[in-house]
Amino acid sequence: IHASHMAENLCAGLCSLYPQYANTFRSNLNTLLADLEALQAYGESQFKDLSSRELITFHDGFGYFAECFGLEILRSVEEESGSEASASDLIELIQLVRHHDLKAIFIEANGADSAARIISAETGVPIYSLDMAMAGDSYFETMYRNIDTVKEALG
């Protein structure tokens with residue numbers, strides 16, 4: 001949804017700067033909007049019957065993803081090498097997982113996972129990887145894969 005608005009704004013700006021290419025910009029925009037609508041529809045259809053809509057993520061970059069599909073991020077943990085979660089953070093996260101009977105923990109594909117492994121070991125909840133689309137795959141390939149991952153984890 002947000003990407004559609006950004007693309008529309010970009011198209012309007014480009015059309016005003018380069019009116020000679022306005023038809024190309026609008027055609028490309030229409031193709032992109034159709035692809036984004038298909039992605040949204042796919043996510044909504046995959047998530048309509050989830051057993052849980054609550055997530056703990058180990059990256060704060062999944063907020064828009066959650067918002068677009070009616071998911072709730074209970075806690076987003078930023079963990080990097082040298083700044084791992086504290087013991088009190090781990091206790092709080094373990095209690096959160098148990099209290100909400102979470103089905104999975106989601107880490108960022110290229111991120112640190114030491115806290116997630118501890119929480120998983122303590123609760124028996126599996127870890128799944130979501131991707132921030134920074135590894136070279138297309139945005140759409142990555143988002144479809146993320147949808148499938150969440151569906152598998154919470155289905």
Side-chain angles (χ1 to χ4, degrees), residues 1-12 28-155:
I1 293 170
H2 295 290
S4 295
H5 294 282
M6 288 186 283
E8 289 165 348
N9 290 336
L10 286 167
C11 182
N28 289 342
L29 173 65
N30 290 334
T31 300
L32 177 60
L33 292 177
D35 290 344
L36 289 168
E37 288 173 16
L39 177 64
Q40 183 71 31
Y42 180 76
E44 289 173 2
S45 72
Q46 292 300 303
F47 295 163
K48 68 180 170 143
D49 296 322
L50 290 179
S51 63
S52 172
R53 301 189 82 74
E54 299 172 322
L55 312 172
I56 290 179
T57 64
F58 280 80
H59 194 287
D60 68 356
F62 297 107
Y64 290 129
F65 179 86
E67 177 186 333
C68 282
F69 298 115
L71 304 172
E72 179 184 359
I73 297 180
L74 298 174
R75 179 99 183 265
S76 178
V77 180
E78 283 295 314
E79 184 178 52
E80 297 177 18
S81 182
S83 66
E84 290 80 13
S86 68
S88 63
D89 287 335
L90 290 172
I91 291 168
E92 179 185 329
L93 289 164
I94 290 166
Q95 290 172 342
L96 197 59
V97 167
R98 289 179 175 151
H99 176 75
H100 288 271
D101 193 26
L102 297 183
K103 307 295 182 219
I105 300 166
F106 296 93
I107 61 170
E108 196 273 321
N110 297 316
D113 67 351
S114 59
R117 284 187 282 119
I118 292 168
I119 295 165
S120 177
E122 288 293 319
T123 63
V125 172
I127 299 170
Y128 289 84
S129 289
L130 297 176
D131 195 330
M132 293 296 298
M134 296 187 298
D137 290 342
S138 81
Y139 172 80
F140 289 100
E141 289 172 2
T142 301
M143 290 303 112
Y144 278 103
R145 192 170 47 249
N146 284 343
I147 289 168
D148 292 342
T149 299
V150 172
K151 171 69 175 178
E152 177 185 340
L154 305 180

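For reference, positions follow the sequence shown, starting with 1.
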Item to check | Pairs involving residues 85-131, ordered by first then second residue, that meet ring-ring contact (aromatic ring centres under 6.0 Å, His included) (sequence neighbours left out) | outcome: none
Item to check | Selection residues 28-50 - residue pairs positive for salt bridge (Lys or Arg N to Asp or Glu O under 4.0 Å), sequence neighbours left out | outcome: none
Using the salt bridge (charged side-chain N to carboxylate O under 4.0 Å, His left out) criterion, which residues pair with [X]? Sequence neighbours excluded.
X	value
R117	D113
D148	none
E72	none
R75	D89, E92

Checklist entry - How many angstroms lie between atom CD1 of I119 and atom CG of L96, to the nearest 0.5 angstrom? => result 9.0 Å
Checklist entry - Taking the six-membered ring for Trp, are F62 and F65 parallel (under 30°), tilted (30 to 60°) or perpendicular (over 60°)? => result perpendicular
At their closest point, which heavy atom of [X] faces which heavy atom of [Y], and how far apart are they?
X	Y	result
I107	A116	CG2-CB, 3.5 Å
Q40	C68	NE2-O, 2.8 Å
Q46	L50	O-CD2, 4.2 Å
K151	F47	N-CE2, 3.8 Å
L154	E54	CD1-O, 4.2 Å
S4	L36	OG-CD1, 3.5 Å

[X] (side chain) donor-acceptor with [Y] (main chain) under 3.5 angstrom:
X	Y	value
S120	V125	yes
N146	L130	no
R53	A66	no

